[in-house]
Every structure is written in C-alpha cells, then in structure tokens.
Amino acid sequence: MRAATDVASPVRAQNLGHMKHFIDTQDFSREELEDLLGLITLLKEADYEDAVPPLLHNRSLGMIFEEPSTRTRVSFEVGMSKLGGHALYLKPGEIHLGRRESLFDTAKVLSRMCDVIEARTLKHETVLELARDAEVPVINGLTDFNHPTQAVCDLLTMREHLPAGRTLEDCTVVFVGDRTNVCSSLMFIATQFGMRFIHAAPSAYQAPPEWLAEARSNGAISGGSVSVTSEVEEAVAEADFIYTDLWWWVDQEAEIPARRAAFMPRYQVNAALIARAPEHARFMHCLPASRGVEVTDEVIDGPRSIVFDQAENRLHTEKGILAWLTCPTIKHSSPERHRLHEERIGDYLSRRGWDSTSPAPGAEHLRTGEVLGGTRR
Ligand code: CP
C-alpha cells in the first residue's frame, strides 16, 4: 500500500514472557506461526457453522487508526464481536494520541481499560513505542514498514488455493510492483515457510538489500529463496501466485507521474501479462485496488482471481490473532468469586431499596444513576 523506504531495518518488538505483541511475523518462529494458523483454521471452521466460542467474552479491543481502513477495521471489529468481545474505533482528532497526550500515557491508559490494542500507525516506530509501553498485547494493523496480519492472511489463502498435489514449499509467489509494506511482509512470511519469492519491479522500486538479507536468512532455515528482477514477463512464467499492490498511496501524489511512467504498462497485471503464467496460477491483491492502474478489471474479476477469498480471510485471521494473543493473558474468576461479588453488590443495592429478585427495575435504577444516590457524570 505504501512504499516502505524509510524503515528498512526496524527494531524488533520485545515479546515478554506470556504477553506477546504482534508487530512483525519475524518476531515469531515458523512453529509459532503454524500454531497460530491452526487456531485461525479452527475458528474459520467454527464460524462457518455459526459456532465460534466466546473466547473473549466481555473483553475490549482498542483500535487506533492513523489512516483509513476497510478490511482491517471491519475484520477486527467483527472478529472481536464474534469472539464475544467489543471493539472501540479510536482515531486521531477523537483521542489525544501523540498530540495532547504522550504515546506513553495513551498506552498506559488503554492498557487499564482494554484487554488488547490494535494500531495502524503512519510510522513503524509508533507501533513499537506503543508495544513497549503497553501492558496488554499490541497488534500491528499496518505501518509504513509492514502489514503482518495481511501476511498471515495471505499465507492462509495461498494454502487454501495450492496447485493440486503441491505444498507451499513447492510454490513461487511473484510480487509485481512497488516495494510496499505488503511486499515486505509477504516476502518475510513466504521465505519463512519455504516458498520461493520473486519481486518483479523496475530497479528503483525493488526491495532493498536489508530486506533481502533477512529473507535469505529465513530461506537458509526453511529452504525458501528470494530474488529481485525487472524481467516481469520471465518472473510470472514461473508463478503459482501473482500478487500486486498499489503503485502510490495518499501522500505520494507528487510522485504519481514518475511512478506511472516507471510501472506502466510493463508491470500492470493485465490479460497479456497473466497469460504468460502457468494455467493454475492465481491472482492476489491485498486491496484496496486501483482498477485500471496496477491491475485490470478482467484480471481482478477473472477466474484466476482469489482476492475476495483473501479479503474474507482477514476476518478469520484477526479472530485467530486476537484469541491467540489475548486468551493467555486473561485471568478467569472462579464461580465462587462471581457469586461472592454478586451477593456483595446485591446486598449493597437492596439496602437502597432495589429488589434483587426483579432485575428490570434494578436495571432501570442503574440507568438513571439513582441507585448510587447521585447523578452520573
Ligand atoms: N488490506 C488492507 O489492509 O485493507 P484496508 O486498508 O482496507 O484495511
């Protein structure tokens, strides 16, 4: 979505003991990511039978968005609701984030009120800072460097659409276009899972050496590989999955003429380019797409496109990530403690005339605030 040139080698987040943040797939081993994918798959199957367990009943997710979003916002909010919890949409101008209040204070306050935080921030450093100071798990919902929840979703989607008889390790994913945050995350997760990753782009827009070095380290363990090329026609001829992303983003308007000249027409995923790929190759896009720019309608709406399966998988992925990170941090009260508190509060309220055997009037008192003998602020 956004060219990620400023933060080629970000500091990694610290995952502390039982409390983990989800800032970068590189913070996790392949085994941990497999474990997460297992939970995502179980929750997807449960969702298809309308049987998602309320794992996050009564829990709250604070969602910070410094940039607009459709998929990330909706998938986290709906996912939290399906798990029995609640999500709050927090955007600059409506909260004090980093302006009238420091990030440190925001992280501390949200940690006291929410059980988990999701943040889409302009700068990668911002989400790292939040994670450093928060006392609940923080999930990266996209920064200028990466998009790790999208990457997990993409891996799941590729697994669901593998060519017959093949595994991920047998497959090649060709990313056509700019070195965006989505490109970096896909490169890292693909090489962690033993895939061959090719970035096809004009030389000025190819993945930087720092990313390639990290992806090659992944490949040294997994058997995967990474390469860059400007020969997009040759790259797609070897593709099992062809992936593209926007060529420019909201603050890159001044670069549009140069970027259009660099990418168009050679790097547009159109019928002529995709015809060079094997018959079974599938087309992917994280969305939003600029139809007629990086991809044509006939490709994105065509039989090889899996973009809406991919978009739906964001929902299942977010459910899995939310439960995977948050469930281990929840301390459940025993039924005895529940009964004790119910009795204590019932006694308190009945001394003020509330009949605890008829909850509706009691709830009415609570709504007006009269029961506590005062007016609510
Ligand atoms: N793919 C993605 O993150 O989409 P949104 O920007 O709509 O969240």
Side-chain angles (χ1 to χ4, degrees), residues 19-23 35-95 97 106-107 109-121 127 130-131 134-142 147-154 156-157 160 286-288 307-333 338 359 363 366-367:
M19 197 190 79
K20 291 186 171 20
H21 302 297
F22 197 82
I23 305 299
D35 185 53
L36 169 61
L37 283 160
L39 178 58
I40 293 169
T41 304
L42 289 173
L43 288 166
K44 180 171 180 175
E45 289 167 5
D47 204 342
Y48 275 34
E49 295 192 39
D50 192 20
V52 176
L55 300 173
L56 299 181
H57 175 64
N58 271 350
R59 306 295 155 179
S60 295
L61 164 69
M63 304 192 303
I64 296 170
F65 279 91
E66 289 191 318
E67 282 200 326
S69 163
T70 300
R71 280 142 293 272
T72 307
R73 176 181 176 181
V74 175
S75 59
F76 270 103
E77 188 159 345
V78 174
M80 196 64 187
S81 164
K82 282 177 181 273
L83 290 165
H86 167 252
L88 302 101
Y89 180 61
L90 309 168
K91 66 174 187 178
E94 294 184 5
I95 59 170
L97 185 76
T106 302
V109 171
L110 289 184
S111 300
R112 296 292 180 102
M113 298 184 183
C114 298
D115 302 281
V116 53
I117 297 168
E118 177 276 336
R120 169 170 289 196
T121 59
V127 83
L130 275 171
E135 290 154 25
V136 296
V138 172
I139 302 169
N140 175 357
L142 179 142
H147 199 358
T149 62
Q150 180 71 54
V152 173
C153 160
D154 294 342
L156 173 71
T157 309
E160 291 175 344
C286 56
L287 306 179
V307 298
F308 297 116
D309 288 350
Q310 188 184 355
E312 179 197 316
N313 274 341
R314 288 297 304 278
L315 171 63
H316 307 301
T317 301
E318 311 326 9
K319 290 196 302 276
I321 292 172
L322 285 165
W324 195 64
L325 292 182
T326 314
C327 287
T329 69
I330 295 173
K331 291 190 184 69
H332 289 285
S333 223
H338 274 278
L366 284 171
R367 273 199 294 277

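Reckoned from all heavy atoms, side chains included, excluding hydrogens, waters and symmetry mates. When a residue number appears, it is its place in the shown sequence, counting from 1.
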Q.
Let's go through L36 and V152 carefully: what are the C-alpha distance in whole Å and the side-chain angles of both, what is the deciding distance for side chain to side chain contact (heavy atoms under 4.5 Å, CB included) to 0.1 Å, and is it a yes or a no?
A. CA-CA 9 Å; L36 169 61; V152 173; 4.3 Å; yes

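- Between C114 and L88 the shortest heavy-atom distance is SG-CD1, 4.1 Å.
- Side-chain contact between K20 and P137: absent, with no pair of heavy atoms (C-beta onward) separated by less than 4.5 Å.
- A distance of 6.0 Å separates CE in M80 from OG in S60, rounded to the nearest 0.5 Å.
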(Q) Run the side chain to side chain contact (heavy atoms under 4.5 Å, CB included) test on K82 and L315 for me, step by step, so that the C-alpha distance in whole Å, both residues' side-chain angles and the decisive distance to 0.1 Å come before the verdict. (A) CA-CA 10 Å; K82 282 177 181 273; L315 171 63; 4.1 Å; yes

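- In plain terms, the two heavy atoms of A323 and L39 that are nearest each other are CB-CD2, 4.1 Å.
- Atom-to-atom distance recorded for M63:CE and E318:CD is 10.5 Å, nearest 0.5 angstrom.
- Formation of a donor-acceptor pair under 3.5 Å by the S81 side chain with backbone atoms of E77 is not found in this model.
- L322 is not listed as a side-chain neighbour of L55, based on a closest heavy-atom distance of 4.5 Å or more.
- There is a side-chain donor-acceptor pair under 3.5 Å between T72 and R120.
- No side-chain heavy atom of P92 sits under 4.5 Å from any side-chain heavy atom of I64.
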Q. Are L97 and E66 close enough, and set up right, to give a side chain to side chain contact (heavy atoms under 4.5 Å, CB included), and what steps lead you there?
A. CA-CA 9 Å; L97 185 76; E66 289 191 318; 3.7 Å; yes

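- In this structure, CD in Q150 is found 5.5 Å from CD in Q310, a value given to the nearest 0.5 Å.
- With a 4.5 Å cut-off on side-chain heavy atoms, H332 and H57 do not count as touching.
- Partner of I139 under the side-chain contact (heavy atoms from CB on, under 4.5 Å) criterion, chosen from I117, I321, T326: I321.
- Between the side chain of H21 and the main chain of V138, a donor-acceptor pair closer than 3.5 Å is present.
- Taking both residues in full, the closest heavy atoms of L37 and L156 are given as CD2-CB, 4.0 Å, listed atom of the first, atom of the second, then distance.
- Between Y89 and F65, the angle of the ring planes lies from 30° to 60°, which puts this pair in the tilted group.
- When all heavy atoms of A131 and I23 are compared, the closest pair comes out as CB-CD1, 4.0 Å.
- Nearest approach of E160 to N313, heavy atoms of both residues: OE1-ND2, 3.0 Å.
- No option in V78, I40, L42, D47 other than D47 meets the side-chain contact (heavy atoms from CB on, under 4.5 Å) test with K319.
- Looking at heavy atoms from C-beta onward, R73 lies out of side-chain contact with E118 at the 4.5 angstrom threshold.
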Q) Between L56 and D115, is a side chain to side chain contact (heavy atoms under 4.5 Å, CB included) present by the stated rule, with each step listed? A) CA-CA 9 Å; L56 299 181; D115 302 281; over 6 Å; no

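- Of all heavy-atom pairs spanning A134 and S111, the tightest one is CA-OG, 3.5 Å.
- Here the CZ-SG distance, from R314 to C153, works out to 6.0 Å after rounding to the nearest 0.5 Å.
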